[in-house]
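Since the structure comes first, as structure tokens, the remarks are kept for the end.
Heads up: numbering here begins at 1 and tracks the sequence.
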Amino acid sequence: MKNREDHRHHALDAALVACFDVRAMQQIVGWFKQLELEPDKPFPDIQMPWPKFVEDLRLALDKIVISHRVRRKVSGALHDETRLGPTKEPPITEAGKTYRFYVKRKELASMSKGEIAAIRDDKIRALAEHRLAQFDGDVKKAFAEPLMLDDKSAPDRRRAIRKARFCVKLQAEMVVPAGHGNKAVAERGDVHHYVLYRLPDGKADHETVSRFEAMQRLSRKQPVINRKRDDGASFVMTLAPGDMLRRRNDKGEWEYLVVRKFNAAGQVFIKPHNQAGAPKPEISFGREKLASGEIEKISVDPIGRIRPARD
């Protein structure tokens, strides 16, 4: 059966259409339609284009390396649509980075368990945690119906609670002003690119640049990618969503990977080049792994030719 989670199913379709005549295709389609009524119906006796067609096709599909479009465009949303409100909580420093606390409003059914535990209002948090426990931790089922809270202005009435405010901790540089004349901010938009550096002491370092920062660099007529740093760090490579990597697996064979996204901590999230959906669980590399020399950045053109990326 065709696996639609594998991008190579398009090549499989093309090979079958090219190598079989209309009569054979009709026999195959008819067999599939009858499977619902006759699950044990044998596959029709169709003559293969050549004796080892299936084996040769499988070998050809295994050699295909999918070409992905690299997303380097600066245009797009510069920050998240949801506004964040300030709090009176003092900033904290962890691992040399400054974090501030903000208030975010979100639908209960879309919250994580951690976000529910961080709800600011004590009464709403207690009600939400009690409801969640009743549904064995299933957030969507628990909040399919709103919470009901006594209305202070009218004791004989109750109001429906579908959204709540909770506290979030974010790096100071990961938020931007949202609007004029108020203190509201918003999380910066998607990471535009990731830059890997080698420090003078041999350790790896990284920089994640948001689309907002990339746009600001363009407006200041600066290079979008910073290849030189004042601390003497040397440039290793830059990555954007859609870039291709490869490494040797345990058998010594090349394993091809495509970059999906990044986080501020320097993790690069990837998946096999032929996988259509997101992997479960997530697969990621840290900057030290990327700088180890085991992973190579490559370029794959639209017809599958592989070349070194040469950043």
Side-chain angles (χ1 to χ4, degrees), residues 68 70-74 76-80 84 91-102 112 114 168-176 185-217 222-248 255-273 275 278-299 309-311:
H68 292 263
V70 182
R71 300 191 293 277
R72 295 195 183 95
K73 290 175 63 177
V74 177
L78 299 182
H79 61 72
D80 191 75
L84 304 173
I92 62 172
T93 301
E94 294 179 357
K97 296 184 180 294
T98 301
Y99 292 84
R100 297 184 185 277
F101 294 90
Y102 301 92
S112 67
V168 293
K169 181 181 76 173
L170 296 170
Q171 288 185 35
E173 64 267 23
M174 295 309 293
V175 299
V176 294
V185 296
E187 287 187 72
R188 290 188 172 186
D190 295 338
V191 174
H192 178 261
H193 67 271
Y194 170 104
V195 189
L196 182 66
Y197 299 98
R198 175 79 66 189
L199 296 173
D201 63 3
K203 293 182 179 180
D205 195 16
H206 78 281
E207 179 186 24
T208 51
V209 179
S210 67
R211 186 177 285 115
F212 183 88
E213 173 61 23
M215 181 66 79
Q216 284 192 319
R217 290 181 182 181
Q222 296 174 338
V224 174
I225 298 172
N226 184 19
R227 294 174 180 267
K228 295 182 180 180
R229 294 202 335 191
D230 296 335
D231 60 0
S234 58
F235 174 86
V236 178
M237 72 169 77
T238 180
L239 295 172
D243 267 323
M244 293 286 293
L245 303 169
R246 70 177 179 181
R247 64 176 178 179
R248 296 283 185 182
E255 179 184 13
Y256 296 94
L257 308 162
V258 61
V259 174
R260 296 179 53 238
K261 59 182 182 179
F262 319 92
N263 66 15
Q267 291 295 114
V268 178
F269 293 84
I270 50 89
K271 66 178 180 180
H273 69 107
Q275 185 170 337
K280 295 181 181 180
E282 295 271 17
I283 310 169
S284 65
F285 296 138
R287 62 193 182 196
E288 294 293 344
K289 182 73 172 178
L290 281 170
S292 66
E294 298 175 14
I295 300 168
E296 178 187 4
K297 181 182 175 184
I298 58 173
S299 173
R310 301 189 190 283
D311 268 0

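Here the closest non-hydrogen pair linking Arg260 and Arg71 is O-NH2, 3.8 Å. Annotation for Ala214 and Val209: closest pair N-CG1, 3.9 Å, computed over non-hydrogen atoms. When all heavy atoms are compared, the tightest approach of Pro279 to Ile283 is CB-CD1, 4.1 Å. Across all non-hydrogen atoms, the minimal contact from Ser284 to Gln267 is OG-NE2, 2.8 Å. Nearest heavy atoms, Val70 versus Gly242: CG2-O, 3.7 Å.
Residues satisfying the side chain to side chain contact (heavy atoms under 4.5 Å, CB included) test with Val195, not counting sequence neighbours, are His193, Tyr197, Glu207, Ile225, Phe235, Thr238. Looking at residues two or more places apart in sequence or on another chain, you find no side chain to side chain contact (heavy atoms under 4.5 Å, CB included) involving Asp230. Checked against side-chain hydrogen bond (donor to acceptor under 3.5 Å, both in side chains), Gln171 has no partners two or more places apart in sequence or in another chain. For the salt bridge (Lys or Arg N to Asp or Glu O under 4.0 Å) test, residues two or more places apart in sequence or in another chain that qualify with Glu296 are Arg246. For Met237, the side chain to side chain contact (heavy atoms under 4.5 Å, CB included) test picks out Leu196, Leu239, Lys297, Asp311, with sequence neighbours left out. Looking at residues two or more places apart in sequence or on another chain, you find a salt bridge (Lys or Arg N to Asp or Glu O under 4.0 Å) between Arg229 and Asp205, Asp231. Lys289 meets the salt bridge (Lys or Arg N to Asp or Glu O under 4.0 Å) test with Glu294; sequence neighbours excluded. In terms of the side-chain hydrogen bond (donor to acceptor under 3.5 Å, both in side chains) criterion, Lys203 has no residue partners (sequence neighbours excluded). Residues satisfying the side-chain hydrogen bond (donor to acceptor under 3.5 Å, both in side chains) criterion with His206, sequence neighbours excluded, are Arg287. The ring pair (Phe, Tyr, Trp, His ring centres under 6.0 Å) search around Phe262 returns Tyr194, not counting sequence neighbours. Among residues two or more places apart in sequence or in another chain, the side chain to side chain contact (heavy atoms under 4.5 Å, CB included) test is passed with Lys169 by Ile92, Glu94, Tyr99, Phe101. By the salt bridge (Lys or Arg N to Asp or Glu O under 4.0 Å) test, Arg227 pairs with no residue at all, sequence neighbours left out.
Between Leu245 and Val259, the closest side-chain pair of non-hydrogen atoms falls below 4.5 Å. Side-chain contact check for Arg100 versus Val175: every heavy-atom pair is 4.5 Å or farther apart. Using a 4.5 Å cut-off on side-chain heavy atoms (C-beta onward), Val185 and Leu170 make no contact.
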Practice problem: Go through Val191 and Lys261 one step at a time and tell me if the side chain to side chain contact (heavy atoms under 4.5 Å, CB included) criterion holds. | Solution: CA-CA 8 Å; Val191 174; Lys261 59 182 182 179; over 6 Å; no

Exercise. Could you give me the CA-CA distance, side-chain angles and deciding distance for Met244 and His273, then say whether side chain to side chain contact (heavy atoms under 4.5 Å, CB included) is met?
Key: CA-CA 8 Å; Met244 293 286 293; His273 69 107; 3.7 Å; yes

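Enclosure of atom CZ in Arg211 by more than 12 non-hydrogen atoms of other residues, nucleotides or ligands within 6.0 angstrom is indicated.
Side chain of Arg247 to main chain of Ile295: no donor-acceptor pair is present (N/O by atom type, distance under 3.5 Å, no hydrogens or angles). Looking at Arg198, its side chain does come within 3.5 Å of a backbone N or O of Ala291 through a donor-acceptor pair.
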